Structure formats: structure tokens, C-alpha cells
Novice: 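Take this structure, written in C-alpha cells, and hold onto it; I'll ask about it next.
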Amino acid sequence: MPELPEVETVRSGLEKWVIGWKISKVEILHSRAIRNNTTYDLQKVLPGRKITKVDRRGKYMWLLLDNNQALIIHLGMSGQVLLPNVVDSPHKHLRIRLSIAEVEKEIHFVDQRTFGHMTLDDLDGGIPKSVKKIAPDVFESEYQQKAVVEKIRKSNSEVKKLLLDQGVISGVGNIYADEALWRAKIHPQRIGKELTPAQVVKIIDKCKEVMGQAIAAGGTSFDDLYVNVNGESGYFDRSLAAYGQNGLPCPRPKCRGLITKARFMGRYSHFCSKCQPKPA
DNA sequence: CACAGCACCTGCCCGC
DNA sequence: TGCGGGCAGGTGCTGT
């Protein structure tokens, strides 16, 4: 569920609190909450480690530790990182608890559907090894626009599939792909190699634009499955033009088209029937 | 290789 | 009121 803007909202919220915190204890309350490590691994390594930085690429974020390893956090569809009042009773779907005895705080990983996880990983050039397989996101200095445009323009795949491919450009999910394509007036099923360079650049610029605006709004919350580290919702849902707007008129002035919801690639897309013309 | 389909989960909402 | 089906912001595996 959370895409780059929601993950960034969590990352920046964490950063304000946890830098310098020393983990004293880790409890794994659900076996699916960790991947590629064991409870033993985490309990052996984490106690005594200080958090030195909170970093992110696309939808992956990680706590950088003072032993030069990273504790990766992926929110999946329903993951949350909360910094609760320790006296309150914990959330029903609490999966991992990190205790910080020195400041009497806890970092809670909460996840209803258990598609999210944490993983302890080694770094390679400042990025966790398992995160290196995804492409940089549009906000990173490592991001190479030219390479992304080339990849899309060489592909026989539908442009929306390419936007969702974290190996092409990371951080974009179903909401912001639909929003960017609406802003660029490109139908999601247009084929990558049939787009002009200017069209591809426009789509990517719109991805960056819409995600930047969503970060400023604290992300998109349809319900309490996405909240920041203080448990508060974001309000970008008010600014959505296409996603979830099926049946409503296209918000573009004088367009008079209807926002349509259609299923392909195993999921739904939302687009304007008029200003995002279907490929031939 | 690309790609479709489905699996992984829980909970909510809708129609009957 | 209850049950079954469909749906949800993501990822990754399988078989063709």
C-alpha cells in the first residue's frame, strides 16, 4: 500500500527521533515479519547497536547501524512504523518490537497483512546489498534519467507496467503511476517503445511532481492502514485526480471525459477516457 | 527472456 | 444477521 511518498513520510518522521538511539532488545512477534534472517541473527546483532541514520531507496527504508549493517524495513501493503507511548496497550498487529531502554522508548513494526518485513543486511557502497537490485528513485542523486528513458523506449511492455517495475524506476506504485499518467495524458497501456522521448520524459517528470506534492501532504491515507510514526494520516487523497475517482468527471478543465477503472496486468488502473486516449 | 497468473495475508464492504 | 465474493497502497515465484 505505501508507495514512495508514504515511506518517505515514515522515514523523515523516524529520522527526527531515532538517531543515536541504542537498541537494547528485539522481539519478533510474528515469523513472517522477518525475511532472510532468523530471530537468532537479529537478537545476536541488534542489542547494543546505535542507529546512525535513516535512509531510503524507493519503497525500501533502512536504519543504518553503528556496525555498518542496515536494518531494512519494507512496509508491504499494510506495514507501519510507530513510536508509541509505551504505557499504551500495543496495536493488535504488532509484529516486531525494538526497545530503547536508555530513553524508555520503543519502535513498533505493525503490519496487518504481513506482506511487510524487516531484514538485516550488509552494505555495499552505502546501500544494503538486497536493495541494490532495485533502481534509484527520482529523488536520489544516483538517479539517471537518461537510462530510465532509454529502458522505457526500448521496451515492448505497457508503460504502466514499466513504471511499476522497481528495476526500472523505484518508488512508484499503483496510485502514483495512475496519477502521473493522468497528468501526462498518456494511457497506461501505451507501449514503451511507441512513446516519443518527450512523452517518456513528461511521464517521469510527472511521477516526480506528484510524489513530491504527496510527500508535502504527508502521503495518501484512505484509511488507518497508512499513518506516519505518530499515527497520523496524510491528506494527499484529496488531491487525487484519477486513482479511486472512477465514475467522476475528469478534473482537467474543459475535458469532459470520465475517469474509468479497468483491469489489466492483474490489477486496476484509473484513467480519463478522453484525454488519455487508448492505444490503437 | 517476457509475461500472465497466482500466492502470500487480514479485514472491510457489498450484495444476497 | 450472516455468509461468500471481491477488493486493497506490493512483491516474488511458477509455469508457459
Side-chain angles (χ1 to χ4, degrees), chain A residues 1-11 29-36 56-61 72-81 91-96 109-119 121 128 130-135 137 151-152 154-182 188-189 191-193 207 210-211 213-215 217-228 233-247 261-270:
Chain A
M1 133 206 219
E3 306 179 33
L4 187 152
E6 291 74 40
V7 178
E8 172 56 23
T9 302
V10 173
R11 188 208 66 78
L29 306 170
H30 192 294
S31 59
R32 280 175 51 82
I34 52 171
R35 309 278 163 88
N36 314 316
R56 185 187 56 71
R57 165 168 286 183
K59 303 172 198 171
Y60 289 80
M61 70 183 133
I72 298 169
I73 306 172
H74 194 282
L75 301 178
M77 289 285 269
S78 55
Q80 305 175 3
V81 182
H91 193 286
K92 182 180 174 187
H93 302 298
L94 177 62
R95 308 305 191 194
I96 297 175
F109 180 66
V110 166
D111 189 8
Q112 179 195 100
R113 293 176 69 184
T114 70
F115 292 167
H117 67 273
M118 286 191 185
T119 294
D121 201 1
S130 58
V131 178
K132 291 207 95 173
K133 64 179 190 291
I134 72 166
D137 65 62
K151 242 184 197 175
I152 293 175
K154 280 203 296 210
S155 175
N156 271 312
S157 296
E158 297 168 352
V159 62
K160 176 156 174 189
K161 186 183 175 61
L162 295 165
L163 293 181
L164 295 182
D165 184 343
Q166 304 298 298
V168 174
I169 180 172
S170 69
V172 181
N174 212 29
I175 297 177
Y176 299 106
D178 282 359
E179 292 301 306
L181 289 165
W182 177 81
Q189 288 182 290
I191 301 301
K193 65 160 55 162
C207 284
V210 70
M211 290 196 295
Q213 292 169 0
I215 291 168
T220 298
S221 303
F222 298 123
D223 49 40
D224 59 10
L225 280 190
Y226 165 68
V227 292
N228 68 17
S233 294
Y235 50 89
F236 194 72
D237 60 309
R238 296 172 205 169
S239 305
L240 296 176
Y243 188 90
Q245 311 303 303
N246 35 303
K261 179 176 176 179
R263 190 176 181 88
F264 42 83
M265 299 165 20
R267 59 203 314 184
Y268 283 101
S269 292
H270 310 73

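These numbers were taken from a predicted model, which means no experiment stands behind them.
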Novice: Between A:Y60 and A:L4, does the side chain to side chain contact (heavy atoms under 4.5 Å, CB included) criterion hold? Intermediate values first, please.
Specialist: CA-CA 8 Å; A:Y60 289 80; A:L4 187 152; over 6 Å; no
Novice: If I take atom CG in residue A:N246 and atom P in nucleotide C:dG6, what distance separates them, rounded to the nearest angstrom?
Specialist: 18 Å
Novice: When the P atoms of C:dG6 and B:dG5 are compared, how many Å lie between them, rounded to an integer?
Specialist: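 To the nearest whole Å, 16 Å.
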Novice: Counting only side-chain nitrogens and oxygens, does A:Q166 get under 4.0 Å of the OP1 or OP2 atom of C:dT11?
Specialist: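 For C:dT11, OP1/OP2 do have a side-chain N/O of A:Q166 under 4.0 Å.
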Novice: Cation over ring, A:R95 on A:F109, under 6.0 Å and within 45°?
Specialist: no
Novice: Please compare A:Y268 and A:H74 by the position of their nearest nucleotide in DNA chain C and report the one closer to 5'.
Specialist: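 On the 5' side of the pair lies A:Y268.
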Novice: Under the rule for side-chain hydrogen bond (donor to acceptor under 3.5 Å, both in side chains), what residues qualify as partners of A:T114, not counting sequence neighbours?
Specialist: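 Residues passing side-chain hydrogen bond (donor to acceptor under 3.5 Å, both in side chains) with A:T114: A:R32.
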Novice: Are A:D111 and A:M77 close enough that some pair of their side-chain heavy atoms sits under 4.5 Å apart?
Specialist: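 A side-chain contact is absent here, since even the closest heavy-atom pair is not under 4.5 Å.
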Novice: Pick base, sugar-phosphate or nothing for A:G173, based on heavy-atom distances below 4.0 Å to the nucleic acid.
Specialist: sugar-phosphate
Novice: Within the sub-3.5 Å range, which N or O atoms of nucleotides 2-4 of chain B have a protein N or O partner, and how far apart are they?
Specialist:
{"from": "B:dC3", "atom 1": "OP1", "to": "A:S157", "atom 2": "OG", "distance (Å)": "3.4"}
{"from": "B:dC3", "atom 1": "OP2", "to": "A:S157", "atom 2": "OG", "distance (Å)": "2.6"}

Novice: Under the salt bridge (Lys or Arg N to Asp or Glu O under 4.0 Å) test, which residues partner A:R11, sequence neighbours left out?
Specialist: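 Expected list: A:E8, A:E15.
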Novice: For A:K160, check salt bridge (Lys or Arg N to Asp or Glu O under 4.0 Å) against everything at least two apart and list the hits.
Specialist: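 With neighbours one apart ignored, the set is A:D178.
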Novice: In whole angstrom, what separates A:R267's CZ from C:dC7's P?
Specialist: 13 Å
Novice: Under the criterion ring-ring contact (aromatic ring centres under 6.0 Å, His included), I'd like the reasoning laid out for A:Y243 against A:F236: C-alpha separation, chi angles, the key distance, then a yes or no.
Specialist: CA-CA 11 Å; A:Y243 188 90; A:F236 194 72; over 10 Å; no
Novice: Specify the separation, in whole Å, of atom CD of A:E3 and atom C1' of C:dG10.
Specialist: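 The answer, rounded to whole Å, is 9 Å.
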Novice: Run the side-chain hydrogen bond (donor to acceptor under 3.5 Å, both in side chains) test against A:S130 and tell me which residues pass, sequence neighbours left out.
Specialist: A:D121
Novice: For A:F264 and B:dG5, give me the distance from atom CZ to atom C1', rounded to whole Å.
Specialist: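 From A:F264 CZ to B:dG5 C1': 16 Å.
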Novice: Listing time: all N or O pairs from protein to nucleotides 12-16 of chain C that are below 3.5 Å?
Specialist:
none

Novice: Please list, chain by chain and in numerical order, all residues satisfying salt bridge (Lys or Arg N to Asp or Glu O under 4.0 Å) with A:E179, sequence neighbours excluded.
Specialist: none
Novice: Decide if atom OH of A:Y235 counts as having more than 12 heavy atoms of other residues, nucleotides or ligands within a radius under 6.0 Å.
Specialist: no
Novice: Write down the distance separating the C1' atoms in B:dC12 and C:dT11, rounded off to the nearest Å.
Specialist: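 B:dC12 and C:dT11 have their C1' atoms separated by 23 Å.
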Novice: Can you tell me how far apart CD (A:Q245) and CG (A:D237) are? Round to the nearest 0.5 Å.
Specialist: 9.0 Å
Novice: Expressed as a whole number of angstroms, how long is the span from A:I72:CD1 to C:dT11:C1'?
Specialist: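 For the pair A:I72 CD1 and C:dT11 C1', the rounded distance is 14 Å.
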Novice: Quick one: side chains of residues 162-171 of chain A, donor-acceptor pairs under 3.5 Å with protein atoms, not counting sequence neighbours, listed by atom name and distance.
Specialist:
{"from": "A:D165", "atom 1": "OD1", "to": "A:G167", "atom 2": "N", "distance (Å)": "2.8"}
{"from": "A:Q166", "atom 1": "OE1", "to": "A:G171", "atom 2": "N", "distance (Å)": "2.9"}
{"from": "A:Q166", "atom 1": "NE2", "to": "A:L164", "atom 2": "O", "distance (Å)": "3.1"}
{"from": "A:Q166", "atom 1": "NE2", "to": "A:V172", "atom 2": "O", "distance (Å)": "3.1"}
{"from": "A:S170", "atom 1": "OG", "to": "A:A135", "atom 2": "O", "distance (Å)": "2.7"}
{"from": "A:S170", "atom 1": "OG", "to": "A:D137", "atom 2": "N", "distance (Å)": "3.3"}

Novice: By ring-ring contact (aromatic ring centres under 6.0 Å, His included), which residues pair with A:H30, not counting sequence neighbours?
Specialist: none
Novice: Would you mind reading off the distance between A:R35 atom CZ and C:dT11 atom P, rounded to a whole angstrom?
Specialist: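 So the CZ-P distance, A:R35 to C:dT11, works out to 12 Å.
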Novice: What is the distance, rounded to the nearest whole Å, between atom CG of A:N174 and atom P of C:dG9?
Specialist: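 Spelled out: CG on A:N174 to P on C:dG9 is 5 Å.
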Novice: Given the P atoms of B:dC6 and C:dG5, what is the spacing between them in whole Å?
Specialist: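 Comparing P positions in B:dC6 and C:dG5 gives a spacing of 16 Å.
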Novice: Could you spell out the base pairing of DNA chain C as a dot-bracket line? Use Watson-Crick and G-U wobble contacts where both distances are under 3.5 Å, [ ] for crossing pairs, | for partners on a different strand.
Specialist: .|||||||.|||||||
Novice: In chain order, what residues pass the side-chain hydrogen bond (donor to acceptor under 3.5 Å, both in side chains) check against A:Y176, with sequence neighbours excluded?
Specialist: A:E6, A:T220
Novice: Rounded to whole angstroms, how far apart are CG on A:D111 and P on C:dG9?
Specialist: 15 Å
Novice: For the CE atom of A:M265 and the OG atom of A:S157, what is their distance to the nearest 0.5 Å?
Specialist: 9.5 Å
Novice: For C:dG9, take OP1 and OP2 only and decide whether either is under 4.0 Å from a side-chain N or O of A:Y176.
Specialist: no
Novice: Do nucleotides 6-12 of chain B as a string where each nucleotide becomes B, S or -: B if the base has a protein heavy atom under 4.0 Å, S if just the sugar-phosphate does, - if no protein is that close.
Specialist: --BBBS-
